[in-house]
S.K.: 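Below is one structure. I have some questions about it.
Lettering of chains follows the sequences in order, A, B, ..., and the numbering in each one begins at 1.
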Amino acid sequence: MAKPAPSVMDKVVSLCKRRGFVFPASEIYGGQGSTYDWGPLGVELKKRVKEAWWEAMVYSRQDIVGLDSAIIQSPKVWQASGHVGGFSDPLIDNKTSKQRYRADHLVEAKIEKYRKKGKTDKVAALESKLVAAIGDNDALKQLILDEGIKDPVSGTDDWTDVRQFNLMFQTQVGAVEGSASIAYLRPETAQGIFINFNNVVTSTRKKLPFGIAQIGKSFRNEITPGNFVFRTREFEQMEMEFFCRPEEADEWYKYWQQERYQWYLDLGINPDKLRMREHAKDELAHYARGCGDVEYLFPFGWSELEGIANRSNYDLTKHSECSGQNLSYFDQEANEHITPFVIEPAAGCDRTAMTFLADAYDEEGEGKQKRVVLHFHPRIAPVTVAIFPLVKKEGMPEKAAEIEQELRRHFRTAIEENQSIGRRYRRQDEIGTPFCVTVDGDTLSDGSVTLRERDSMAQERVKIEDLREIMDAKSAAWSRPSTPQEAAVSG
RNA sequence: GCGGCCGUAGCUCAGCUGGUAGAGCACCACCUUGCCAAGGUGGAUGUCGUGAGUUCGAAUCUCAUCGGCCGCUCCA
């Protein structure tokens with residue numbers, strides 16, 4: 001493949017490091033692959049993404065409450081959820097074709113062949129052999145060799161040994177070694193919600209339908225991380241489990257798909273690059289009745305930002321069975337126990353922040369006139385307003401500092417007095433600051449300043465005491481510039 | 001793990017027919033400044049990923065090693 005042209009992502013990655021959004025992790029020690037640290041601006045961006053999500057999911061409604069469960073739970077949680085058994089893949093490589101496969105999938109494909117040929121006895125025999133071999137890598141490889149399974153690409157049986165790939169990070173709890181002290185870093189926040197179902201119901205007296213929201217780090221030992229912060233082994237999730245009556249699940253499923261899709265649009269994501277994609281039946285996880293992804297068109301293709309799934313009553317049922325606790329809901333009117341269905345919107349915080357960066361990135365003009373600007377929604381911009389003295393004399397710096405002190409109480413602020421005014425405007429554009437306030441000679445006599453908008457570059461003269469109200473109003477009314485050209489001339 | 005690409009200043013990169021480093025932008029100081037990447041003067045910054053070899057001499061050639069990025073079953 002030819003070397004690809006520098007994409008928006010390359011430019012965003014570079015900007016992220018230069019301006020302090022995202023740094024490669026462990027850099028002074030040579031780096032740690034696919035691991036990133038969020039810098040001073042990045043942490044603000046992420047924080048505001050999480051605030052916007054929490055606002056939409058918890059504060060603006062009466063039917064959802066929050067939770068912050070532990071990262072390290074009992075290993076039994078992950079046995080019940082199926083992660084211990086199912087979140088671990090046996091991998092095998094073909095030395096000739098260099099292709100990598102799931103070893104158990106190769107055997108399953110063979111079973112499928114037998115089934116199509118109607119050899120039911122062989123199907124049954126091999127199925128039981130596969131079940132016996134699961135978890136035993138040597139046995140699994142032997143089974144592949146015994147069955148004469150060939151690589152579909154190379155046609156050879158030149159296989160490597162089977163190696164287990166655990167998707168969950170293991171750790172030890174306590175000083176005592178041994179299997180009893182093995183624990184896992186959670187691979188999703190959702191299970192922490194399910195296991196607290198009874199606690200939340202009894203402590204909040206919530207009635208169906210209701211939801212529990214949670215934001216937190218999760219860990220997956222991804223085989224293939226990559227695409228900047230899109231897929232990393234440590235990541236932050238924003239998940240909400242919405243519990244409802246089974247007969248209402250389809251309705252809520254559609255509701256949450258619309259609701260979550262709209263959330264991205266409300267925060268200014270380009271509608272042309274956002275879509276809702278319904279999973280095909282064979283894509284669905286074993287517990288899911290339906291799943292739709294909110295996808296964004298990155299330079300590397302359509303990729304999932306958030307999955308909205310109908311998890312049925314799978315999780316509550318499993319945890320009831322495995323724990324011996326009754327995780328059902330008692331409906332007082334109908335006088336019956338029901339195990340609610342769950343609709344789960346599960347979003348990735350890091351990839352959402354990355355989406356805002358990539359989607360907001362814009363270059364206007366050419367050469368010396370080129371303007372790099374991040375068209376962030378004012379609600380998620382790391383800095384809301386920057387204050388400048390027009391020149392560094394006649395008391396302007398002091399006046400600017402005074403205004404900054406006042407605005408600091410209500411907005412994320414920045415103050416700069418170095419270099420020319422134009423350069424300072426452009427620097428703030430590059431980090432997506434929606435407003436700039438400039439103090440000049442008239443400010444000292446009549447208390448007015450110039451308010452300059454990032455997207456249109458339009459300026460207006462306003463009173464210092466009106467700044468807050470005007471910026472709030474403009475923020476509330478903000479909409480994304482539909483094209484770069486329009487943004488450039490609309491002032 | 002396999003394949004491809006790549007490690008030179010904060011960022012983007014040039015230098016790779018061997019002579020111990022450059023550009024643009026960024027940064028710092030001073031002067032200038034009067035609303036969109038202004039100008040002037042001066043300045044700091046690199047053990048050229050690491051180690052070894054060849055050589056009088058290596059960023060450049062050889063070998064090794066470490067690391068990163070992009071693909072290949074996984075998903076937020």
Side-chain angles (χ1 to χ4, degrees), chain A residues 1-4 6 9-11 13-20 23-24 26-27 29-35 87-106 153 160-161 163 165 167 187-190 217-218 220-232 235-239 283 285 291 293-294 300 303-307 309 344-352 365 367-372 388-394 396 418-430 436 438-442 449-450 452 454 457-459 491:
Chain A
M1 198 188 283
K3 190 178 178 180
M9 273 322 300
D10 296 325
K11 292 171 179 172
V13 170
S14 169
L15 190 157
C16 279
K17 170 153 193 203
R18 189 157 32 84
R19 298 307 306 272
F23 305 126
S26 304
E27 203 181 11
Y29 289 106
Q32 173 77 4
S34 291
T35 311
F87 221 56
S88 161
D89 300 341
L91 299 177
I92 190 167
D93 295 343
N94 183 273
K95 292 177 191 168
T96 306
S97 69
K98 314 288 189 197
Q99 295 292 305
R100 169 169 286 184
Y101 302 92
R102 283 272 299 268
D104 51 334
H105 286 184
L106 287 173
V153 175
T160 64
D161 287 341
R163 281 157 304 176
F165 201 103
L167 282 311
E188 61 176 23
T189 59
K217 289 246 175 148
S218 292
R220 291 180 195 175
N221 204 0
E222 298 286 351
I223 307 164
T224 312
N227 285 324
F228 197 38
V229 296
F230 186 80
R231 187 189 287 118
T232 52
F235 60 104
E236 199 155 17
Q237 291 188 302
M238 306 185 290
E239 293 194 294
E283 267 184 282
C291 187
D293 289 345
V294 178
F300 49 85
S303 300
E304 176 186 357
L305 297 183
E306 170 161 358
E344 173 195 82
C349 181
D350 307 82
R351 49 177 68 171
T352 298
K368 280 279 182 190
Q369 301 301 313
K370 189 166 97 173
R371 183 170 89 119
V372 172
F388 311 137
L390 183 59
V391 292
K392 222 190 294 188
K393 62 181 184 187
E394 292 168 20
M396 293 182 209
N418 282 334
Q419 301 180 327
S420 71
I421 188 72
R423 194 173 288 230
R424 282 176 273 166
Y425 283 146
R426 297 304 173 94
R427 257 210 298 263
Q428 292 298 326
D429 289 340
E430 198 183 40
C436 293
T438 299
V439 171
D440 59 20
D442 293 341
V449 292
T450 302
R452 180 260 196 189
R454 174 197 64 203
M457 293 190 278
Q459 303 183 351

S.K.: To the nearest Å, how far apart are A:E222 CD and B:C70 P?
M.R.: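 Spelled out: CD on A:E222 to P on B:C70 is 14 Å.
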S.K.: Check the distance between B:G34's C1' and A:E394's CD and give it to me in whole angstrom.
M.R.: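 From A:E394 CD to B:G34 C1': 9 Å.
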S.K.: Taking N and O atoms by type only, does the side chain of A:S14 place a donor or acceptor under 3.5 Å from a partner on the base of B:C11?
M.R.: no
S.K.: Any sub-3.5 Å donor-acceptor pair from A:E239's side-chain atoms to A:T189's backbone N or O?
M.R.: yes
S.K.: With a 4.0 Å limit, can you tell me whether A:Q419 has a side-chain N or O closer than that to the phosphate oxygens OP1/OP2 of B:U33?
M.R.: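 No, because none of the side-chain N or O atoms of A:Q419 sits under 4.0 Å from OP1 or OP2 of B:U33.
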S.K.: Would you confirm whether A:R371, through its side chain, and A:R426, through its main-chain N or O, come within 3.5 Å as a donor-acceptor pair?
M.R.: no
S.K.: Checking contacts here: which listed nucleotide (B:U33, B:C35, B:A76) is nearest the side-chain heavy atoms of A:I421?
M.R.: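 The nucleotide sitting nearest to the side chain is B:C35.
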S.K.: What is the distance, rounded to the nearest whole Å, between atom CZ of A:R424 and atom P of B:C35?
M.R.: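 So the CZ-P distance, A:R424 to B:C35, works out to 12 Å.
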S.K.: Test your reading of the model: is there a side-chain donor-acceptor pair from A:T352 to the backbone of A:G348, 3.5 Å cut-off?
M.R.: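 Yes; judged by distance alone, with no hydrogens or angles, the pair exists.
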S.K.: Mind checking the P distance from B:C25 to B:A38? Whole angstroms is fine.
M.R.: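 11 Å, rounded to whole Å.
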S.K.: In whole angstrom, what separates A:R427's CZ from B:A37's C1'?
M.R.: 9 Å
S.K.: Judged by atom type as modelled, is there a donor-acceptor pair below 3.5 Å linking the side chain of A:R423 to the main-chain atoms of A:N418?
M.R.: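 Not confirmed, A:R423 side chain does not pair with A:N418 backbone.
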S.K.: B:U73 and B:C16: how far apart are their P atoms, nearest whole angstrom?
M.R.: 40 Å
S.K.: Could you tell me which nucleotide pairs with B:G71 by Watson-Crick or G-U wobble geometry, both distances under 3.5 Å, or answer none if nothing does?
M.R.: B:C2
S.K.: Whole-Å distance between B:U73 C1' and A:N221 CG?
M.R.: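 Computing the A:N221:CG to B:U73:C1' distance gives 15 Å.
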S.K.: Hey, does the side-chain of A:Q459 have a donor or acceptor N/O within less than 3.5 Å of a partner on the base of B:C35?
M.R.: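 In this structure, the two groups form a donor-acceptor pair.
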S.K.: Mind checking A:L15 for me? I need base, sugar-phosphate or nothing, with any heavy atom below 4.0 Å counting as a touch.
M.R.: nothing
S.K.: Is the phosphate of B:A38, meaning OP1 or OP2, less than 4.0 Å from a side-chain N or O of A:S420?
M.R.: yes
S.K.: Mind checking A:N418 for me? I need base, sugar-phosphate or nothing, with any heavy atom below 4.0 Å counting as a touch.
M.R.: sugar-phosphate
S.K.: In whole Å, what separates the P atom of B:A9 from that of B:A21?
M.R.: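 It comes out at 15 Å once rounded to the nearest Å.
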S.K.: Rounding to an integer number of Å, can you tell me how far A:L390 CG sits from B:C36 P?
M.R.: 10 Å
S.K.: Between B:G57 and B:U20, how far apart are the two C1' atoms, rounded to whole Å?
M.R.: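 8 Å, rounded to whole Å.
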S.K.: Identify the pairs formed between an N or O of the protein and an N or O of nucleotides 41-46 of chain B at a distance under 3.5 Å, and give each distance.
M.R.:
none

S.K.: Measure the CZ-CZ distance between A:R220 and A:R231 for me, rounded to the nearest 0.5 Å.
M.R.: 10.0 Å
S.K.: Nearest to the side chain of A:D440, heavy atoms from C-beta on, is which of B:C35, B:A37, B:C11?
M.R.: B:C35
S.K.: Nearest 0.5 Å please: distance from the SG atom of A:C349 over to the CG atom of A:L305.
M.R.: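 CG of A:L305 is found 11.5 Å from SG of A:C349.
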S.K.: For B:A26, does OP1 or OP2 lie under 4.0 Å from any side-chain N or O of A:R423?
M.R.: yes
S.K.: Is it the case that B:C75 (base atoms only) and A:R220 (side chain only) share a donor and an acceptor within less than 3.5 Å, ignoring hydrogens and angles?
M.R.: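 There is none.
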S.K.: Nearest to the side chain of A:S34, heavy atoms from C-beta on, is which of B:C69, B:G71, B:C35?
M.R.: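 Shortest atom-to-atom distance from the side chain points to B:C69.
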S.K.: Would you please name every residue forming a salt bridge (charged side-chain N to carboxylate O under 4.0 Å, His left out) with A:R452, sequence neighbours left out?
M.R.: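 A:R452 satisfies salt bridge (charged side-chain N to carboxylate O under 4.0 Å, His left out) with A:D429 once adjacent residues are dropped.
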S.K.: For A:F235 and B:A76, is the gap between ring centres under 5.5 Å while the planes differ by less than 30°?
M.R.: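 So yes, this residue stacks on that base, both cut-offs being met.
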